[in-house]
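Keep in mind the model is a prediction, meaning the values are calculated, not measured. Starting from 1, each residue takes its place in the sequence as its number.
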Amino acid sequence: MSVDKTQAEIQSTLRRFKASSFMFGEDEDRGIVAFVINDRKIKMVLPLPTQLADKHWWASGKPFSGRKRTEAQARAALDQERKARWRGLLLCIKAKLESVDAGIESFDQAFLAYIALPTGQTVGEQVIEMINAAALDGTLPTRILAIEGRS
């Protein structure tokens, strides 16, 4: 399925769950889906492969096993991987929304990492920075764990 069709299906799925203000973008190494739902701005960044890798050159997907592909075939395999990533994002979004709809978790629980902050970062990006900083200096980020005075 083409990336355009997958993006249309993402938008259709989001509309079904009352999302608005959609945005899709793509540059060489990432795709972005942004939308507003439940008064939350959501930004999901999708890493995309950019370079032909060994797995694209071999029909088996494993280097040096099976038949080697032509450059055109390898580029087609790379394109297929990009399409599969978009399809995976669609499935991720659908699963999160179905989980919320079924009452398994709240919207904020399902999409916490993707909530966009006024800085442009997502909650996930900011928390990961804090965790990495804590790992470097050996302290636990107490603000994340909501435990005051403990480390």
Counting neighbours of CZ on Phe111 that are heavy atoms of other residues, nucleotides or ligands and sit closer than 6.0 Å, is the number greater than 12? yes
Is there side-chain contact between Leu14 and Leu97, with at least one heavy-atom pair below 4.5 Å? yes
Sidechain-backbone polar pair: Thr122 side chain, Ala113 backbone, donor-acceptor under 3.5 Å: yes
If you group Ile, Leu, Val, Met, Phe, Trp and Tyr by side-chain heavy-atom gaps below 4.5 Å, do Leu91 and Val3 land in one group? no
Any heavy-atom pair between the side chains of Ile104 and Val100 that's under 4.5 Å? no
Using 0.5 Å steps for rounding, measure from the NZ atom of Lys96 to the CG atom of Leu112. 9.5 Å
Pairwise side-chain contact, Leu117 with Glu125, heavy-atom cut-off 4.5 Å (strictly under): no
Between Glu105 and Ser99, which heavy-atom pair has the shortest distance, and what is it? OE2-OG, 2.9 Å
Donor-acceptor pairs under 3.5 angstrom involving side-chain atoms of residues 29-48: please list them, not counting sequence neighbours.
| unit_1 | atom_1 | unit_2 | atom_2 | d |
| --- | --- | --- | --- | --- |
| Arg40 | NE | Asp108 | OD1 | 3.0 |
| Arg40 | NH2 | Asp108 | OD2 | 2.9 |
| Lys43 | NZ | Gly120 | O | 2.7 |

Does Gln7 reach the main-chain N or O of Asp4 with its side chain, forming a donor-acceptor pair under 3.5 Å? no
Could you tell me if the side chain of Trp86 sits less than 4.5 Å from the side chain of Met1, heavy atoms only? no
Could you tell me whether the side chain of Tyr114 reaches within less than 4.5 Å of the side chain of Val123, counting heavy atoms only? no
Roughly how far, to the nearest 0.5 Å, is the CG atom of Asp101 from the NZ atom of Lys94? 13.5 Å
Check the pair Gln11 / Phe24 against side-chain contact (heavy atoms from CB on, under 4.5 Å), numbers first and verdict last. CA-CA 9 Å; Gln11 187 169 348; Phe24 293 93; 3.8 Å; yes
Say whether, by atom type as modelled, one donor and one acceptor occur between the side chain of Glu98 and the main chain of Ala95 under 3.5 angstrom. no
Could you list the residues that satisfy salt bridge (charged side-chain N to carboxylate O under 4.0 Å, His left out) with Arg87, not counting sequence neighbours? Glu9
